[in-house]
Amino acid sequence: MLSRAPRWTARCQETMVATASVRGPFSVGVGRDILIVTGCSTCQRFGWLKWQTVDSSTQRANNLSGGICLMDCMHKYHTTSEENFIDLETMDLKSNHSSPVLADPVPLSKSRLGLPSNMTPFSPAAAPYSSSGLYLQIPRRKVGKLDDVRANSWLDAMKASSPPRKKLNKDFISESQSDETDAAYRTWVMNHPSALTAFHQITAYARYKKIALFLDYDGTLSPIVDNPDHAFMSSAMRAAVKDVAKYFPTAIISGRSRSKVNEFVRLSELYYAGSHGMDIMGPIRESQSVDDHPDCIRTTDEQGKEVHLFQPASEFLPMINEVFDSLIDITKDIVGAKVENNKFCVSVHYRNVDEKMWEEVGKRVFGFMKDFPRLRVTHGRKVLEVRPIIDWNKGKAVEFLLESLGLSHRDDVLPIYVGDDRTDEDAFKVLRESSRGFGILVSTVPKETKAFYSLSDPSEVLEFLKSLVRWKKSVALQPEDYMTAI
Ligand SMILES: O=P(O)(O)OC[C@H]1O[C@H](O[C@H]2O[C@H](CO)[C@@H](O)[C@H](O)[C@H]2O)[C@H](O)[C@@H](O)[C@@H]1O
């Protein structure tokens with residue numbers, strides 16, 4: 001049963017399930033209905049709502065009636081972490097549609113999470129509390145009402161999924177709006193300094209360490225373009241990535257299929273992880289934990305080199321293919337919609353769909369995915385991404401690759417992850433929480449992020465990679481430093 005009592009600021013309305021500030025998993029009940037809300041210990045975000053029938057004499061749930069995911073995180077959602085502060089008041093729980101998955105509508109801020117101002121996501125939590133008063137009285141609701149909770153949020157998320165670029169924005173917003181935008185960006189950059197401006201700081205820290213570089217592809221190495229098949233990287237970027245890979249172990253971790261990203265990058269000196277890290281080709285090292293992993297096999301790459309192939313979602317392949325075909329079919333009459341097969345995930349692009357039709361795209365995709373409880377839908381940049389519900393993401397991929405490279409559990413290793421999208425947050429978080437390395441978010445607009453530094457766009461990423469190489473070459477001229485860093 002529940003070990004901690006929620007701290008309530010209770011309020012219940014028809015359009016809102018409940019208003020509460022709580023810690024840890026809790027349940028809310030009246031009569032025979034309870035609502036269980038759990039947060040995620042990994043993301044420290046609001047997690048799932050489940051509603052259950054409860055035995056009124058024992059107050060124990062005896063029959064699972066339904067559940068919805070309120071975020072795009074699929075970590076283990078059961079947690080007793082005191083860090084899970086949840087503020088339902090901030091959730092806009094209304095609308096009339098039903099779907100199995102409700103994605104995170106907007107980036108969550110500390111206040112949205114209900115974190116007290118003196119508590120960062122990394123600080124130990126506040127005092128424990130007693131186990132009394134577990135149930136909040138809320139009006140009995142029809143399941144339909146709970147279903148109502150969802151749809152507006154995915155539409156909002158679709159709209160917010162790729163804010164207009166700052167430069168473009170300036171063409172059609174007023175000067176004062178532009179000033180405001182710039183001021184917000186400047187404030188944000190103070191909290192997430194530019195990795196170029198702070199380059200000396202980064203290298204000072206990296207001087208006696210071995211850097212391992214992890215790079216996202218779309219929006220990081222290649223600019224965001226309308227046609228996903230045309231997201232080519234420039235030859236200057238290719239040369240820079242090739243160069244950094246000479247000095248630092250470098251991997252690309254993309255939402256694309258591994259073969260597609262390989263085709264774009266065409267560099268054999270890198271390691272590649274496709275499908276949001278669910279398809280990793282990494283080096284063979286003497287790492288028992290990698291070898292022992294049930295989803296990992298030894299094979300050879302195109303050059304005949306022995307490699308590790310790790311595909312933790314391989315059992316989902318037939319299902320993903322089926323979903324891919326169906327999603328093509330159900331969106332074929334929506335002008336501009338494009339469905340992309342990323343092997344262990346499927347992307348439904350709506351960048352080129354008239355905004356008036358976005359809701360229709362969402363309705364059809366979420367409606368269809370209702371029949372696939374083992375798959376989930378997350379939001380990328382003007383794209384809905386369908387993927388297996390497994391506890392695997394880009395953060396896990398970073399850990400796996402570090403292990404494969406023999407770089408885990410070493411104090412002298414500095415992993416750096418550069419990415420622009422929400423799925424990259426899992427990697428930023430892993431690095432931040434392990435205090436091992438740091439993330440660099442590529443963004444022209446302020447975003448809630450676990451990255452430490454920022455870069456505005458791929459052209460700055462290029463500059464950063466070139467600076468790393470220049471720095472490394474200069475360090476290499478100093479033999480003792482070089483030897484330490486190897
Ligand atoms: O993890 P990533 O490498 O960043 O991949 C995420 C998605 O990237 C691609 O879509 C994005 O870039 C396209 C090309 O610039 C753009 O048209 C689209 O709107 C963006 O969402 C890719 O096509 C998706 O499959 C990936 O999931």
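We count ligands from 1, going down the list as the structure has it; atoms in each ligand are counted the same way.
In terms of polar-atom proximity, Asn227 is not counted as a contact of ligand 1, lacking any N or O under 3.5 Å from an N or O of the ligand. For Arg351, a nitrogen or oxygen atom sits less than 3.5 Å from a nitrogen or oxygen atom of ligand 1, counting backbone and side chain alike. An N or O contact shorter than 3.5 Å is missing between Val383 and ligand 1 by distance.
Ligand 1 places these atoms under 4.0 Å from at least one heavy atom of Gly255: 1 (O), 2 (P), 3 (O), 5 (O). Applying the 4.0 Å criterion to heavy atoms of Tyr217 picks out, from ligand 1, the atoms 3 (O). Of all atoms in ligand 1, listed by their number and element, those nearer than 4.0 Å to a heavy atom of Arg256 are 9 (C), 14 (C), 22 (C), 23 (O). Those atoms of ligand 1 with a heavy atom of Pro223 less than 4.0 angstrom away are 15 (O). The distance from ligand 1 to the heavy atoms of Asp226 drops below 4.0 Å at these ligand atoms: 17 (O).
Of all the listed residues (Val225, Thr423, Leu221, Asp421), Val225 holds the heavy atom that lies closest to atom 14 (C) of ligand 1. When the heavy atoms of Gly380, Ser254, Ser222 are ranked by distance to atom 3 (O) of ligand 1, first place goes to Ser254.
Note: Phe464 and Phe199 have perpendicular aromatic rings, judged against thresholds of 30 and 60 degrees for the angle between ring planes. Between Phe452 and Phe438, the two ring planes are tilted [angle within 30° to 60°].
Listed by chain and residue number, Asp229, His230, Lys338 satisfy the side-chain contact (heavy atoms from CB on, under 4.5 Å) test with Asn227 (two or more places apart in sequence, or in another chain).
The nearest heavy-atom contact from the protein to atom 26 (C) of ligand 1 is Glu385 OE2, 3.7 Å. Given atom 25 (O) of ligand 1, the protein heavy atom at minimum distance is Glu340 OE1, 2.6 Å. Here the protein heavy atom with the shortest distance to atom 10 (O) of ligand 1 is His349 CE1, 3.5 Å. Counting only heavy atoms of the protein, atom 8 (O) of ligand 1 lies nearest to Asp218 OD2, 3.1 Å. Atom 20 (C) of ligand 1 has as its closest protein heavy atom Arg381 O, 3.3 Å. Distance from atom 4 (O) of ligand 1 to its nearest protein heavy atom, with residue and atom name: Asp216 OD1, 2.8 Å.
In this structure, Ile389 and Leu375 have side chains that are not in contact, with every pair of non-hydrogen atoms separated by 4.5 Å or more. Under the 4.5 Å side-chain criterion, counting only non-hydrogen atoms from C-beta, Lys382 is not in contact with His349.
Annotation: Phe232, atom CZ; neighbour count of heavy atoms from other residues, nucleotides and ligands within 6.0 Å is above 12.
Salt bridge Asp411/Lys210: absent, no basic N to carboxylate O contact under 4.0 Å. Comment: Asp424 engages Lys394 in a salt bridge, judged by a side-chain N to carboxylate O separation of less than 4.0 angstrom.
Residue contacts with ligand 1 include Lys394, since one of its heavy atoms falls under 4.0 Å from the ligand.
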Counting only pairs under 3.5 Å, give me each side-chain donor-acceptor contact of residues 316-327, with atom names and distances, residues two or more places apart or in other chains.
| from | atom 1 | to | atom 2 | distance (Å) |
| --- | --- | --- | --- | --- |
| Asn321 | OD1 | Asn341 | ND2 | 3.3 |
| Asn321 | ND2 | Leu317 | O | 3.4 |
| Ser326 | OG | Glu322 | O | 3.1 |

Going through the distances and angles, do Glu385 and His379 end up as a side-chain hydrogen bond (donor to acceptor under 3.5 Å, both in side chains)? CA-CA 6 Å; Glu385 292 167 322; His379 293 261; over 6 Å; no
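Taking the six-membered ring for Trp and the full ring otherwise, Phe310 and Trp392 have centroids separated by under 6.0 Å.
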